[in-house]
Amino acid sequence: MSLRIYNTLTGKVEEFVPVNPPNVLIYTCGVTVYDDSHVGHGRSLIVFDVLRRFLEHLGYRVRFLRNFTDVDDKIINRAKQECTHFMSIANRYIASYYLDMENLKVKPADVEPRVTEHLPEIIEVIKGLVEKGYAYESGGDVYFSVSAFPEYGKLSKRNPEELEAGARVEPSEKKRNPLDFALWKSAKAGEPAWASPWGPGRPGWHTECVAMIFKHLGETIDIHGGGLDLVFPHHENEIAQAEALTGKPFARYWVHNGLVTVGGQKMSKSLGNYVTLREINSKYHPDILRLLVLFTHYRSPLDFSWEKMEETRRAYERLLNSLEDLELLKKLPNYEEKGTHPLFERVKSAEEGFFQALSEDFNTPQALAVVYNLISELNRVKNRAFSEGKISTQELQAYEFAVNSIHKNLKGVFGLLEDYKPECKVEKVVQRELEAGSVLDDRLIELLVEVRSLVRREKVFYVADLIREKLAELGITLEDTPAGTKWKRQ
RNA sequence: GGCAACGUGGCCGAGCGGCUAGGCGAGGGACUGCAAAUCCCUUCUACGGCGGUUCAAAUCCGCCCGUUGCCUCCA
């Protein structure tokens with residue numbers, strides 16, 4: 001099995017062929033650490049986390065980089081506001097970011113480089129560009145000369161003349177051409193600065209990624225990713241610098257995820273319509289956001305709402321119910337049946353369909369549709385077994401096979417159900433804020449459930465209903481099935 | 001203004017030349033002591049509009065309408 005994926009550079013879905021298989025080099029633009037991350041960042045992180053897991057599943061040896069921009073205007077401004085050093089702002093939000101990643105179950109990158117740790121490399125890149133005539137020094141700043149790089153605009157499908165006509169590029173007397181962009185900014189008073197051949201200053205926005213990629217991955221990488229909003233100018237400018245310097249393709253596949261919107265508008269700090277990952281995490285299990293993200297194709301816009309979070313939560317619980325009910329089915333009386341159960345074949349073809357969907361431009365919604373079809377099938381089996389009050393050994397084995405298959409793939413590739421264990425209760429997975437020190441520990445609930453089963457058998461239903469009602473008030477839901485009573489925390 | 005993308009059933013959301021997406025919701029039924037969970041059925045001509053290509057178009061082409069993104073920092 002292979003992967004076909006949309007390449008922003010060519011505008012087509014292409015066969016994925018790494019430069020040096022089985023190695024795959026991936027770089028994604030990380031965050032600028034001046035504030036908490038929001039759902040928009042979360043989507044990007046989840047998308048590339050799953051893409052990486054899928055490539056690993058395909059047998060590739062993935063080397064994955066995600067950077068931190070830990071010095072820029074916003075960080076400096078924030079530091080000024082708080083009368084503190086810019087590094088303490090950066091460190092604070094890097095710590096915050098790591099906590100979000102851990103909550104979201106996003107695998108750490110192999111290298112997570114910071115701009116401030118790569119000044120020599122960045123200066124090297126700029127020096128090289130100046131020497132080759134692609135960049136010029138002007139009043140302590142260094143600018144990349146867009147006109148020196150004829151292919152400028154090839155990623156974002158723009159041509160420089162049109163961009164100039166747009167006239168929204170801020171004019172600067174230091175620039176020769178309004179499209180030229182800063183590689184090095186001379187330091188103003190009170191700003192962080194590093195020594196350079198052009199005087200004290202700090203790097204521009206785009207060079208850091210180039211320098212870090214050269215250092216940790218090489219001159220040509222396989223996949224360069226990020227949000228759609230980075231295509232221009234950021235990625236365009238990265239290409240210009242990197243390819244001007246090396247004369248080699250910088251990245252073979254440019255992969256961009258669609259943006260998160262709220263009420264149709266882009267989620268952003270400036271509009272104030274953002275929801276932080278921290279808030280999501282305080283209200284929902286991380287799997288819910290992950291599932292929400294994966295229910296939409298990675299290139300489409302995703303409109304976030306709390307209603308949608310609720311819908312997704314219900315869809316998630318439906319999934320868990322079917323997996324968990326394996327334990328109930330095991331309690332039913334068994335009987336022998338001839339031959340192998342057809343469900344075995346269905347599971348195998350579902351698994352095939354799952355990966356088939358992913359290999360065609362990473363179609364996670366399609367893959368989930370396959371999973372949910374299988375879930376429906378399992379529920380039909382379950383329904384029949386419950387109504388007959390028994391299950392054949394073969395069928396039970398097939399059900400277990402299905403549960404294991406779903407669990408394995410959703411966990412390994414989608415990063416879902418990381419902390420799901422068949423013998424543990426669903427609510428432990430879904431429940432976010434378990435009251436600390438609750439007196440309602442599992443053994444106590446099980447005792448009540450047992451007592452209730454007893455009175456039900458004696459048909460003293462008002463007592464049974466009372467127990468169920470009172471437990472419900474305490475957030476414990478009971479469900480009676482032919483194989484016994486199932487309980488969960490709400 | 002320029003450059004892109006998108007417009008699918010009650011809502012969300014795949015599909016991108018012929019074949020059931022899927023999720024959520026709503027109504028009816030089965031099961032159940034009652035609930036819940038689950039299953040089955042239903043939700044009529046689902047594919048922005050108008051033309052065109054084709055034996056066949058949601059799917060390709062053209063025009064129009066609408067929404068959004070990028071053009072400034074942004075995942």
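All chains are named by letter (A, B, ...) in the order of the sequence lines, taking the proteins before the strands, and each is independently numbered beginning at 1.
Counting any heavy atom pair closer than 4.0 Å across all strands shown, A:V231 reaches no nucleic acid atom.
Considering only side-chain N and O atoms, A:K157 lies nowhere under 4.0 angstrom from the phosphate OP1 or OP2 of B:G2. Neither OP1 nor OP2 of B:A37 sits under 4.0 Å from any side-chain N or O of A:R318. A close approach under 4.0 Å does occur between a side-chain nitrogen or oxygen of A:S300 and OP1 or OP2 of B:A14. Side-chain nitrogen and oxygen atoms of A:N363 include at least one within less than 4.0 Å of the OP1 or OP2 phosphate oxygen of B:G15. Neither OP1 nor OP2 of B:A35 sits under 4.0 Å from any side-chain N or O of A:R452.
Shown here for A:D72 and A:T69, the closest heavy-atom pair between the two residues is CB-CG2, 4.3 Å.
For the pair A:R456 and A:F461, the cation does not sit on the ring face, since its NZ or CZ is not both under 6.0 Å from the ring centre and inside 45° of the axis. The cationic atom of A:K12 (NZ for Lys, CZ for Arg) does not lie both less than 6.0 Å from the six-membered ring centre of A:Y6 and within 45° of the ring axis.
Stacking of A:F461 onto the six-membered ring of B:G33 is present: less than 5.5 angstrom between centres, less than 30° between planes.
Base pairing annotation: B:G62 forms a Watson-Crick or G-U wobble pair with B:C50, both donor-acceptor distances under 3.5 Å.
Of the listed nucleotides (B:C39, B:G22, B:A14), B:A14 has the atom at the smallest distance from the side chain of A:P365. The A:H297 side chain lies nearest to B:G15 when the options are B:C24, B:G15, B:A75.
Between A:K382 atom NZ and B:C31 atom C1' the separation is 13 Å, expressed in whole Å.
Remark on RNA chain B: of its neighbouring residues A:R456 and A:K308, the 5'-side contact belongs to A:K308, judged by nearest-heavy-atom nucleotide.
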